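I'd like to ask some things about the structure below.
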Amino acid sequence: MKPLYQDLPFTPASYVNVYKEELPHFIVPWHYHPEIEIMYILEGTGTRFVGDHVEKYSEGDICMVGGNLPPP
C-alpha cells in the first residue's frame, strides 16, 4: 500500500494552523505532506503509524511528525 498525498487547506503564508477533528473514530488514511504535524489526543485509544514506526496511543499523548513522512 502506498501513502496518499494530503493537500492541507492552509495558506503557505501561515506559520501555525490549528485543526480539531471531532469524529466517533479516527479515520485518517496513511498519508504524507510537507508540513510538520503535531497531534494531541484528547480522548480515545488506538494505533499510530508514523513512517516505519508503529505504537499505541491514548488520551493525553502528543506526537510531532516531520514533513513528508512516510517518504513517498
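For clarity, every value in this text was computed on a predicted model and none was experimentally measured.
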Applying side-chain hydrogen bond (donor to acceptor under 3.5 Å, both in side chains) to Glu21 and not counting sequence neighbours gives Tyr19
Quick one: which residue pairs count as a ring-ring contact (aromatic ring centres under 6.0 Å, His included) with a foot in residues 33-66, not counting sequence neighbours? His31-His33
Hey, what else clusters with Tyr15 if you join Ile, Leu, Val, Met, Phe, Trp, Tyr whenever side-chain heavy atoms sit under 4.5 Å? Val16
Between Asp61 and Arg48, is any pair of side-chain heavy atoms under 4.5 Å apart? yes
side-chain contact (heavy atoms from CB on, under 4.5 Å) with Pro34: which residues, sequence neighbours excluded? Tyr5, Asn68
Once side-chain hydrogen bond (donor to acceptor under 3.5 Å, both in side chains) is applied, do any residues pair with Ser58, and if so which ones, sequence neighbours excluded? none
Check side-chain hydrogen bond (donor to acceptor under 3.5 Å, both in side chains) between Lys20 and all other residues, then give those that pass, not counting sequence neighbours. none
Nearest 0.5 Å, please: how far is NZ in Lys56 from OG1 in Thr47? 3.5 Å
Any Met64 side-chain heavy atom under 4.5 Å of Ile36 side chain: yes
Rounded to the nearest 0.5 angstrom, the CD-CG distance for Glu37 and Asn17 is 12.0 Å
Give a yes or no on this: more than 12 heavy atoms of other residues, nucleotides or ligands lie within 6.0 Å of atom CD of Glu43. no
Other residues, nucleotides, ligands: >12 heavy atoms within 6.0 Å of Asp52 CG: no
